Amino acid sequence: MLSLTIISANQGETYYTAENYYTSEENQAHSGWWGQGAKSLGLAGQVQGDDFKNLLHGSHPQGHQTLSGRKIDPERHRAGLDLTFSTPKSISLAALVGGNDAIEQAHRTAVTRTLAVIEERYAQTRVRTQEGRQAIATGSLIVAQFHHDTSREKDPQLHTHCVVINATQLDNGRWQSLHNDILFKQQKLLGMIYQNELAVEVQRLGYGIEPRANGQFELRGYQAEDLQTFSKRREQILAAVEENATAQERELATLMTRAPKGKEIPREELRTYWQQQAQALNLEHPQPKSVAWQSQPKRATQAELTHCAEREAVFQREQVERFALENHLGQQCFDEVQQTLDLL
């Protein structure tokens with residue numbers, strides 16, 4: 001799933017500080033810079049607080065100049081976008097409770113590939129031309145990534161906040177604000193690209209998938225009640241335990257009453273807590289198979305895309321891409337889908 005949120009400078013600094021995104025050493029260890037704009041500014045490695053705060057306010061990381069073609073009003077400045085990529089619950093269980101680091105890496109790979117599509121196709125700014133102001137592609141983004149593994153209720157929930165700074169660089173080196181209308185327009189497609197790339201990567205690891213509606217999926221092998229239990233709020237679980245509760249329900253309720261508290265909880269402490277819950281539920285994680293994943297032959301996908309294209313005399317490329325991903329989830333990488341489209 002992909003959610004998009006516009007953030008202002010002051011709201012952004014307050015929120016990310018309150019959530020310890022860059023003030024916590026552990027969160028810093030799970031952060032990183034990404035994008036051609038970040039490279040141009042010499043940003044690499046972990047996200048440092050001062051660099052991040054300056055960028056939120058529209059300034060160079062060192063604070064000595066603005067990254068905008070105009071004077072910035074600090075009260076009205078739009079800091080950027082928070083693109084949050086969240087895994088299906090079964091992915092979070094396998095990675096965080098089951099301890100499969102390869103699945104966590106699959107999520108990060110899917111995020112990176114989706115960001116690459118965004119930077120290549122949808123990183124834009126507006127410039128003045130004889131025909132008026134027009135959006136042009138820049139291929140330049142500054143992205144601060146923060147990898148997290150819990151929901152607000154301390155359930156296992158693997159997700160990555162990608163804070164796209166409101167600045168992009170033209171070919172002549174000039175910095176201007178980012179024009180992001182196209183990202184909201186293509187939000188569903190971008191979310192499906194992420195889900196597709198994630199599905200491809202977990203299948204390469206030997207896991208089966210169960211496609212769901214709207215281009216979503218879950219790992220094959222988990223029971224519905226397993227996913228539901230690790231998605232509930234603590235209060236909901238405790239409220240469900242009544243006088244006629246089973247021994248398993250009572251054990252789980254006892255465990256929930258001593259849930260870790262506080263905002264900063266070491267990952268290993270949380271993992272131990274989740275594993276105790278899993279044991280109380282007799283949760284069994286699906287095991288990967290050694291059968292190598294293979295992408296679907298291009299001719300099959302091409303036939304489907306041709307059929308889609310023939311339904312409309314004029315169609316947008318993104319419409320066909322969405323059709324392909326929704327009907328062929330995890331069967332090909334998105335770059336292969338694009339290569340197939342190029343042949344039509």
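Since this is a predicted model, take the numbers as computed values, not measurements.
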Check your understanding: What closest approach, in Å, do Q157 and H159 show between heavy atoms, and which atom pair accounts for it?
Key -> O-ND1, 2.8 Å
Check your understanding: Quick one: does R271's side chain have a donor or acceptor within less than 3.5 Å of a partner on L96's backbone?
Key -> yes
Review point. Which atom names give the shortest non-hydrogen contact between R317 and Q338, and what distance separates them?
Key: NH2-O, 3.2 Å
Practice item. Would you mind checking if E321 and R121 are paired as a salt bridge, meaning a charged N to carboxylate O distance below 4.0 Å? Key: yes
Check your understanding: Of all heavy-atom pairs between H285 and Q287, which one has the smallest distance, and what is that distance?
Key -> O-NE2, 3.1 Å
Point to revise | Distance in Å, Q187 CD paired with L4 CG, rounded so as to fall on 0.5 Å steps | key: 4.5 Å
Check your understanding: Would you say E326's side chain and F323's backbone share a donor-acceptor pair under 3.5 angstrom?
Key -> no
Check your understanding: Could you give all pairs that pass the ring pair (Phe, Tyr, Trp, His ring centres under 6.0 Å) test and reach residues 81-113, with sequence neighbours left out?
Key -> F85-Y194, H107-Y194
Point to revise | Any L170 side-chain heavy atom under 4.5 Å of I136 side chain | key: yes
**Study point:** Test salt bridge (charged side-chain N to carboxylate O under 4.0 Å, His left out) applied to R322 - qualifying residues, sequence neighbours left out
**Key:** none
Review point. Taking the side chain from Q176 and the backbone from R126, do they hold a donor-acceptor pair closer than 3.5 Å?
Key: yes
**Study point:** Spacing of CD1 belonging to I165 relative to CG belonging to L56, to within rounding of 0.5 Å
**Key:** 5.0 Å
Practice item. Determine whether L227 and E218 make a side-chain contact, defined as any pair of heavy atoms from C-beta on separated by less than 4.5 Å. Key: yes
Study note, to complete from the structure: When every non-hydrogen atom of L219 is compared with those of A94, the smallest separation belongs to CD1-CB, 3.8 Å
Practice item. Determine whether T84 and T5 make a side-chain contact, defined as any pair of heavy atoms from C-beta on separated by less than 4.5 Å. Key: no
Check your understanding: Any side-chain donor paired with an acceptor under 3.5 Å for D181 and Y122?
Key -> no
Exercise for review: Return the minimal non-hydrogen interatomic distance between P211 and F217, and the atom names on each side.
Suggested key: CA-CB, 4.1 Å
Practice item. Measure the spacing between NE2 of H161 and CG of L83 and express it to the nearest 0.5 Å. Key: 11.0 Å
Exercise for review: Would you check if S86 and L158 make a side-chain contact, meaning some heavy-atom pair closer than 4.5 Å?
Suggested key: no
Revision key, fill the gap. Looking only at heavy atoms, the pair that brings D51 and P61 closest together is OD1-O, 3.5 Å
Exercise for review: Nearest 0.5 Å please: distance from the CH2 atom of W175 over to the CD atom of Q169.
Suggested key: 4.5 Å
Practice item. State, yes or no, whether a side-chain contact exists between L183 and L190 at a heavy-atom distance under 4.5 Å. Key: yes
Practice item. Would you confirm whether S59, through its side chain, and L55, through its main-chain N or O, come within 3.5 Å as a donor-acceptor pair? Key: no
Check your understanding: Shared ILVMFWY cluster between F184 and M192, side chains joined below 4.5 angstrom?
Key -> yes
Check your understanding: Are any side-chain N or O atoms of Q203 and backbone N or O atoms of Y207, one a donor and one an acceptor, separated by less than 3.5 Å?
Key -> no
Practice item. State which residues pass side chain to side chain donor-acceptor pair (under 3.5 Å) with S140; sequence neighbours excluded, sorted by chain then number. Key: none
Exercise for review: Say whether, by atom type as modelled, one donor and one acceptor occur between the side chain of N100 and the main chain of A95 under 3.5 angstrom.
Suggested key: no
Review point. Any donor and acceptor pair, going by atom type alone, linking the side chain of E120 with main-chain N or O of G139 inside 3.5 Å?
Key: no
Check your understanding: Can you check whether T114 reaches F334 side chain to side chain, under 4.5 Å on heavy atoms?
Key -> no
Check your understanding: Ion pair present between E201 and R113, side-chain N to carboxylate O less than 4.0 angstrom?
Key -> yes
Check your understanding: Yes or no on side-chain contact (heavy atoms from CB on, under 4.5 Å) for I91 and L198, after CA distance, side-chain angles and deciding distance?
Key -> CA-CA 9 Å; I91 297 291; L198 181 58; 4.2 Å; yes
**Study point:** Distance (rounded to the nearest 0.5 Å) between N166 CG and L141 CG
**Key:** 11.0 Å
Point to revise | Side-chain touch L178/Q124, heavy atoms, less than 4.5 angstrom | key: no
Exercise for review: Working to the nearest 0.5 Å, report the span between CZ of R108 and CG of D101.
Suggested key: 9.5 Å
Practice item. Determine whether the side chains of H147 and T160 contain a donor N or O and an acceptor N or O closer than 3.5 Å. Key: yes
Point to revise | Check: I118 and C162 side chains under 4.5 Å, non-hydrogen atoms | key: no
Point to revise | Test side-chain contact (heavy atoms from CB on, under 4.5 Å) applied to I142 and V164, step by step | key: CA-CA 6 Å; I142 307 169; V164 181; over 6 Å; no
Review point. Is a side-chain donor or acceptor of S40 paired with a backbone partner of Q36 at a separation under 3.5 angstrom?
Key: no
Point to revise | Connected via hydrophobic side-chain network under 4.5 Å: I6 and I182 | key: yes
Check your understanding: How about E284: does its CD atom have over 12 heavy atoms from other parts shown lying under 6.0 Å from it?
Key -> no
Check your understanding: Quick check: does any side chain N or O of K185 sit under 3.5 Å from a backbone N or O of N180, one acting as donor and the other as acceptor?
Key -> no
**Study point:** Distance-only polar pair, side chains of T138 and T125, donor-acceptor under 3.5 Å
**Key:** no
